[in-house]
Amino acid sequence: MDKTDCIENLLSKPYWLIDVLPKQVPAGSAGQYFKAERYFLSWLDEISWRFARILIRLNCYYDLKMSTDGESWILNASPGDLARRFEESAASHSPLSILIGSDDALVTFSGDDHYMTIYNPDEDLLELVCQCAQAEGLFVWGPKQP
């Protein structure tokens, strides 16, 4: 299976968000979600650094394959290069995809959101992601899975 088919398959799997918020904001919430979202996006550089540090930690346990275009992939980029690519993604609002392990899980960052998405993590990977996110002051939550 080529990487494009692999990614398409993973995007249909269960997912969780690594986010600045602890859970989904309900539609019609009485709070100020949109004002808070604009505020969070104003410090997207800091958030992207936090995301990079999560992935740098994960790379101690798993191989990571990173791509900015879905065609060329870098295996186990140096911590500095991985952080730089997150920074560039946030600055240019361009997507970043990271395959984890034997291409069994996928992390995506759109470059202009205050969250990353992880698709198809097994129990061990999800637990590790939660611990790494917590160390960065972030939360991991998922929508109700069918």
Side-chain angles (χ1 to χ4, degrees), residues 1-27 29 31-122 124-143:
M1 179 182 322
D2 72 0
K3 295 281 190 244
T4 303
D5 291 339
C6 177
I7 288 175
E8 287 298 319
N9 180 47
L10 288 168
L11 290 173
S12 68
K13 301 291 184 183
Y15 64 92
W16 285 259
L17 277 71
I18 303 162
D19 196 352
V20 298
L21 297 172
K23 65 181 185 176
Q24 186 171 14
V25 176
S29 173
Q32 299 188 68
Y33 172 74
F34 294 107
K35 288 181 182 179
E37 180 183 43
R38 279 193 302 275
Y39 174 76
F40 290 134
L41 292 175
S42 74
W43 50 282
L44 189 55
D45 286 346
E46 170 60 28
I47 294 170
S48 69
W49 279 99
R50 291 177 189 211
F51 291 158
R53 290 190 297 261
I54 290 169
L55 272 288
I56 291 166
R57 287 180 178 107
L58 287 179
N59 200 194
C60 294
Y61 303 92
Y62 296 92
D63 282 332
L64 300 181
K65 296 174 200 87
M66 180 175 45
S67 178
T68 56
D69 62 10
E71 293 184 20
S72 58
W73 295 84
I74 299 168
L75 175 63
N76 296 330
S78 71
D81 190 36
L82 193 148
R84 182 180 56 79
R85 290 187 188 262
F86 267 90
E87 182 179 35
E88 290 170 355
S89 179
S92 65
H93 304 283
S94 59
L96 192 58
S97 300
I98 299 107
L99 288 165
I100 301 174
S102 300
D103 300 349
D104 297 324
L106 171 70
V107 170
T108 60
F109 175 55
S110 72
D112 59 358
D113 284 322
H114 55 74
Y115 61 88
M116 286 192 307
T117 308
I118 182 166
Y119 296 87
N120 200 44
D122 64 22
D124 291 336
L125 175 57
L126 186 58
E127 180 180 342
L128 189 57
V129 166
C130 289
Q131 292 170 343
C132 293
Q134 184 178 17
E136 290 297 332
L138 298 171
F139 304 93
V140 178
W141 59 270

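The chain is numbered in sequence order, starting from 1.
Annotation: the span from Trp49 atom CH2 to Trp43 atom CH2 amounts to 15.5 Å, rounded to 0.5 Å. Between atom CZ of residue Phe51 and atom CG of residue Asp19 there is a gap of 7.0 Å, rounded to the nearest 0.5 Å. Atom CG of residue Leu17 and atom CD of residue Gln24 lie 8.5 Å apart, to the nearest 0.5 angstrom. Atom OG of residue Ser97 and atom NZ of residue Lys3 lie 11.5 Å apart, to the nearest 0.5 angstrom. Atom CG of Leu96 is separated from atom CZ of Phe109 by 8.0 Å, given to the nearest 0.5 angstrom. Note that the CG atom of Leu106 and the NZ atom of Lys13 stand 12.5 Å from one another [nearest 0.5 Å].
Between the side chains of Asp104 and Asn120, not a single donor N or O lies within less than 3.5 Å of an accepting N or O.
Counting all heavy atoms, side chain and backbone alike, Ala133 lies closest to Val140 at CB-CG2, 3.7 Å. Minimum interatomic distance between Ser89 and Pro95 (heavy atoms only, all atoms of both residues): OG-C, 4.2 Å. Among all heavy-atom pairs drawn from His114 and Ile47, the shortest one is CB-CD1, 4.0 Å. When every heavy atom of Ala105 is checked against every heavy atom of Leu125, the shortest pair comes out as CB-CD2, 3.6 Å. Of all non-hydrogen atoms in Asp124 and Tyr62, the two that sit nearest each other are C-OH, 4.1 Å. Listed here is the closest heavy atom pair of Pro121 and Pro14: CD-O, 4.2 Å.
No donor-acceptor pair under 3.5 Å is formed between the side chain of Ser29 and the backbone N or O of Pro26.
Counting non-hydrogen atoms of other residues, nucleotides and ligands closer than 6.0 Å to OH of Tyr115 gives a total of 12 or fewer. Around CD of Gln32, the count of heavy atoms belonging to other residues, nucleotides or ligands within 6.0 Å does not exceed 12. No more than 12 heavy atoms of other residues, nucleotides or ligands sit less than 6.0 Å from atom CD of Gln134.
Looking at heavy atoms from C-beta onward, Met116 lies out of side-chain contact with Leu138 at the 4.5 angstrom threshold. At a threshold of 4.5 Å between non-hydrogen side-chain atoms, the residues Asn76 and Asn59 count as touching. In this structure, the side chains of Arg50 and Ile54 stay at 4.5 Å or more apart for every pair of heavy atoms. Taking 4.5 Å as the limit, every side-chain heavy atom of Trp16 sits out of range of all side-chain heavy atoms of Val129. When side chains are defined from C-beta on, Cys6 counts as touching Leu99, because their heavy atoms get closer than 4.5 Å.
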| Residue pair Asp112, Leu41: steps toward the side-chain contact (heavy atoms from CB on, under 4.5 Å) verdict | CA-CA 7 Å; Asp112 59 358; Leu41 292 175; 5.8 Å; no
| request: Give the intermediate values and the outcome of side-chain contact (heavy atoms from CB on, under 4.5 Å) for residues Tyr33 and Leu21. | output: CA-CA 10 Å; Tyr33 172 74; Leu21 297 172; 3.7 Å; yes
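When Leu75, Ile98, Ile56, Ile74 are each tested for a side chain to side chain contact (heavy atoms under 4.5 Å, CB included) with Leu64, only one passes: Ile98.
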